[in-house]
Structures are given as structure tokens and as C-alpha cells.
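Following: one structure in C-alpha cells, then a few remarks.
Counting starts at 1 for both ligands and their atoms, in listed order. Numbering starts at 1 and runs along the sequence shown.
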Amino acid sequence: MLYHFLYPLSNQFFAFNIFRYITFRAVVAFLLATVFSIIWGNLFIKFMQRKQFGQVIRDDGPESHLKKAGTPTMGGVFIIGSILGSLLFTGNFNSKPLLISIFVMLSYFALGFFDDYAKVAKQNTKGVSAKGKLLWQFATAGVAYWLMQKYAIIGTDLYVPFAKGPILELGIMFLAFSAFVIVGSSNAVNLTDGLDGLAIGPIITSAATFGIFAYFAGHKEIAQYLLVPYVEDVGELAVLCAAMVGAGVGFLWYNSYPAQIFMGDVGSLSLGGTLGTIAVLTKNEVLFVVVGGIFVIEALSVILQVSSYKLRKKRIFKMAPIHHHFELMGWPETKVIVRFWIISIFLAITAIATLKMR
Ligand code: 57M
């Protein structure tokens, strides 16, 4: 909002002209979100402790998790609060891609909030039913698709890395495709969120990577030069991504091992859904498999485990999602986390490298 007040004043005060630049606003968004997240995180943890709103731990998981009982959860409240707080100062709300991303973020925030609240208030591990969650997630993704098409932002063709142009016109099938990306991403991040810092690390690297992609896709000359599809106003998502990185770093301050707070569904569903939406809006749905490779591996491990158990009555992993498998193999929790972060950084850089290979 501050952008909307200050930038018009650039006629009188030339210095305010700097607000025109996405790069400048992205840096400020990152800094503000980091500071907000650290300050609000501290207050939020104290509030949750006072209310005794702690995580209920399932007793069928790895034993090392039992000692985490009572750790405050729902940290997503201050992560999303910090993102939006920082955007109030730095965001250009005339950008439709930004508004659509915020719509998905808030809708999944509401879903996660009800789910977490039901669990902490009733002190059990059941929240909103799986069917209810999926219904809400798909309905939100459907509305997001409608908004994207109504404002003619992105078209319905499919782009893949290494190809100079679109490889397929999906037509109405793009609805199912984009919904799959958004809902899949939301749930995959949720599955990943099972060790201290395990989800927020790859969320930070993915948001940073998408920040670069969004900046390029929203810049006509750079997009043309790199042969990536140009999408009007999508550059503003670089500011959103920078705010996500900042808020994520602030959250990691508290969520790093041993965690003082978990993000809860309110964090994982909304951040995952937002990343999926950004992937669709920047036309990087396929490349998202690389950028968010950790989320993909975690989700695949669950799919494989469940199918194998149903079909053959045998497990492939000691326990799914795969981070539990490594824990049960005897790796210390911190080793699993840091190794997953390393893979995530490696994948993000690989994805960025594909930009020049078209
Ligand atoms: C949420 N949530 C954590 C925290 C976090 C289909 C099945 C694979 C689903 C899966 C599942 O329910 N996943 C979704 C995973 C939980 O964390 C809370 O949930 C929020 C995210 N939604 O923010 O509020 C626990 O994770 C640990 N944690 C940390 N640090 C963090 O920063 O240590 C979380 C964040 C926390 C804490 O212990 O309590 C969770 O795991 O519940 N189900 C599973 O993951 C279960 N797997 C399973 O049943 N596997 C079977 C299936 C696939 C056939 C198998 O392999 O045989 C496991 N989860 C648990 N225990 N807790 C198994 C048993």
C-alpha cells in the first residue's frame, strides 16, 4: 500500500522513484518480512505457550518425536502475517497475479487454521476430514484458474524446460492441470513438514528460485532474450517471493532444531498452495518438479508406500514420508534435515541453469 502512496509522489521527491523498481521493493520486502517474522514469532510463541496450545504427537511415529509433545504449533499465522505485513509496504496491488496468489494463500490459510485449531483445541490428531480438505483445496484452485483466465493472464499452453516454445495446447484440460499443481504442491509441502526446519528450508529455496523466474517472466526484454513466456504483471510475484523468503527465514529462527514452534497446516497448506500458484502463473509447472524436488520425493514416497502396502501387503520404506525412513535407519534428525536442504539447494540451482538452455 505504501507503494501506492509514495510512488505517485516521485514527481515532487525524485528519490521516491526508486519504488518503481521491483528489485528494490523485493529487497525491502525480504528485510521487512524477516524482521516482522522474528518479532511476531517471539510474541506468538509466548502467546501459544500461555494458552497451552501445543502439538499433539501421534504415538505410532518415530520414538524421538514423543519428546516434541506440547511444542506450540500454527506458526503459519505469523509467517503469513509477516508476508502480508511486508507486502502492505512494498506490494503493487494493481498486479492481478499478485492478487490471485494472495487469494489462494488466504483460502488455504483459512483451511489450515480450522484444521489446526480443531486439533489443538480438542487436543487430538484429527482435524478437518481428508475429503473436506481436498474439496476446499480443489474449489480454491478452480476459482484461481477462473480468475487467471478471466483476466487473460496466462493462456492454456504448456511450457517445459529445454523447449523454445509451448509444446502443447491444453485447452480446458489446463483447469485440471493447474488444479493438480496447486493442490498437489499444498499437500506435498504438508507431508514434508515432519522434522524441524525440513519444510521451511525447501520453501525458502523454492520461493527464492521462483522470485528470479517471476522477475524474468515479467520483464519483456529479458523474457524474450531467455525465450521464457512473458506474462504481464507477473514480475510483482518477485516481491511476494522475497517476502516469503524473509518470513521463512524468520520462522526458521524458531523452527530450527530443536524447534520452539511448528508451522502447522495453516503454514504448510498455504505456503505450498502459494508456491503451486506461482508455478502456474509464471508458467513453470513442469520445472516445479525440479525446484520443489524435495516435496515431490516426499509425496512420491507416500504414494509408493501406500500402493505397495495395499497391493502386496509389504512396505517399501521403514516408514513414509521418506524422512521417517532415514530417521528409523538411525540418522540423527539434524542430518536428515540438512541433507534434504542440500538437495533442495542443488535442485534450485539446477532449475535456474535450465533458463539458458532453451
Ligand atoms: C502432516 N505432520 C506431522 C506440525 C506441522 C498418508 C500419510 C502419509 C499422511 C501423513 C501425514 O499425516 N502427514 C501430514 C505431518 C506432525 O507435524 C504437525 O503437522 C504440521 C504439518 N501439517 O507443522 O504441526 C509431526 O511432525 C513433527 N514435526 C517436527 N518438526 C516440525 O517442524 O518434528 C513437524 C514439524 C509433529 C512433529 O512430531 O507432531 C506428522 O508427522 O504427524 N502421515 C504420516 O506422516 C505418518 N505416516 C504413516 O502413517 N505412514 C504409513 C503409511 C504411509 C502407510 C507407513 O509408512 O506405513 C507418520 N506420522 C507420524 N507418526 N507422526 C507416521 C506416524
| Considering all heavy atoms of both residues, which atom of Asp157 and which atom of Ile154 are nearest to each other, and what is their separation? | OD1-O, 4.1 Å
| Reference residue Phe340; test side chain to side chain contact (heavy atoms under 4.5 Å, CB included); the match among Ile294, Leu195, Ile297 | Ile294
| task | Measure the acute angle between the ring planes of Phe174 and Tyr145, then classify it against the limits of 30° and 60° as parallel, tilted or perpendicular. | result | tilted
| task | Over 60° means perpendicular and under 30° means parallel, so classify the ring planes of Phe78 and Phe44, tilted if in between. | result | tilted
| said: Please find the pair of heavy atoms, one from Ala26 and one from Ala238, that lie closest to each other, and give the distance. | reply: CB-O, 4.1 Å
| field | Closest protein heavy atom (residue, atom, distance) for atom 39 (O) of ligand 1 | value | Ile57 CD1, 3.1 Å
| note | The closest protein heavy-atom partner of atom 33 (O) of ligand 1 is Lys68 NZ, 2.7 Å
| message | Run Phe295 and Phe288 through ring pair (Phe, Tyr, Trp, His ring centres under 6.0 Å) and show every step you take. | response | CA-CA 10 Å; Phe295 307 130; Phe288 189 26; 7.1 Å; no
| task | Run the numbers for me: atoms of ligand 1, each under 4.0 Å from some heavy atom of Leu195, listed by number. | result | 28 (N), 29 (C), 30 (N), 31 (C), 32 (O), 33 (O)
| field | For atom 22 (N) of ligand 1, the option (of Leu252, Thr73, Val120, Asn190) bearing the nearest heavy atom | value | Asn190
| Test item, Pro321 contacting ligand 1 (heavy atom, 4.0 angstrom) | yes
| said: What protein heavy atom lies closest to atom 61 (N) of ligand 1? Include the residue and the distance to one decimal. | reply: Gly61 CA, 3.2 Å
| field | Top protein contact for atom 43 (N) of ligand 1, by heavy-atom distance | value | Arg58 NH1, 3.8 Å
| said: Tell me whether Val306 has any N or O atom under 3.5 angstrom from an N or O of ligand 1. | reply: no
| said: Can a donor-acceptor pair be found, under 3.5 Å and without considering hydrogens, that links the side chain of Tyr108 to the backbone of Thr140? | reply: no
| task | Could you name each residue pair satisfying side chain to side chain donor-acceptor pair (under 3.5 Å) that touches residues 26-42, not counting sequence neighbours? | result | none
| field | Protein contact to atom 6 (C) of ligand 1 [nearest heavy atom, distance to 0.1 Å] | value | Val302 CG1, 4.0 Å
| task | Could you see which bit of His324 sits under 4.0 Å from ligand 1, with heavy atoms only: side chain, backbone, both or neither? | result | side chain
| message | Please report whether atom 31 (C) of ligand 1 has a protein non-hydrogen atom at a separation of less than 4.0 Å. | response | yes
| field | Within 45° cone and under 6.0 Å: Lys313 NZ/CZ vs Tyr309 ring | value | yes
| Which distance, rounded to the nearest 0.5 Å, do you find between the CD of Glu236 and the CG of Leu98? | 6.0 Å
| Shortest protein heavy-atom distance from atom 55 (C) of ligand 1, along with the residue and atom involved | Gln305 NE2, 3.6 Å
| remark: Residue, atom and distance of the protein heavy atom nearest atom 27 (C) of ligand 1 read Gly194 O, 3.1 Å
| message | Quiz question for you: does at least one protein heavy atom lie closer than 4.0 Å to atom 8 (C) of ligand 1? | response | yes
| query | Counting heavy atoms only, which of Leu328, Asp193, Thr192, Leu198 is nearest atom 21 (C) of ligand 1? | reply | Asp193
| note | Near Ser268 (heavy-atom distance under 4.0 Å), the atoms of ligand 1 are 21 (C), 22 (N)
| task | Scan residues 261-270 for pairs that pass side chain to side chain donor-acceptor pair (under 3.5 Å), counting only residues two or more places apart or in two chains. | result | Lys133-Asp265, Asn190-Ser268
| Would you say ligand 1 has an N or O under 3.5 Å from any N or O of Leu191? | no
| request: Have a look at Met263 and tell me which of Ile203, Asn255, Val77 forms a side chain to side chain contact (heavy atoms under 4.5 Å, CB included) with it. | output: Ile203
| said: Tell me the nearest of Met319, His65, Met263, Arg315 to atom 57 (O) of ligand 1, using heavy-atom distances. | reply: Arg315
| query | Crowded around Trp253 CH2? As in, over 12 foreign heavy atoms under 6.0 Å? | reply | no
| request: List the closest protein heavy-atom neighbour of atom 18 (C) of ligand 1: residue, atom name, distance to the nearest 0.1 Å. | output: Gln55 OE1, 3.5 Å
| request: Flag Phe262 as yes when one of its N or O atoms lies below 3.5 Å from any N or O atom of ligand 1, and as no otherwise. | output: no
| said: Test of understanding: given a 4.0 Å heavy-atom threshold, classify the contact between Asn255 and ligand 1 as side chain, backbone, both, or neither. | reply: side chain
| query | Backbone or side chain, does any N or O of Lys318 fall under 3.5 Å from an N or O of ligand 1? | reply | no
| message | Out of the candidates Phe210, Phe216, Tyr215, only one should pair with Ile212 under the side chain to side chain contact (heavy atoms under 4.5 Å, CB included) rule; please name it. | response | Phe216
| note | With heavy atoms and a 4.0 Å threshold, my read on which part of Ala320 contacts ligand 1 is both
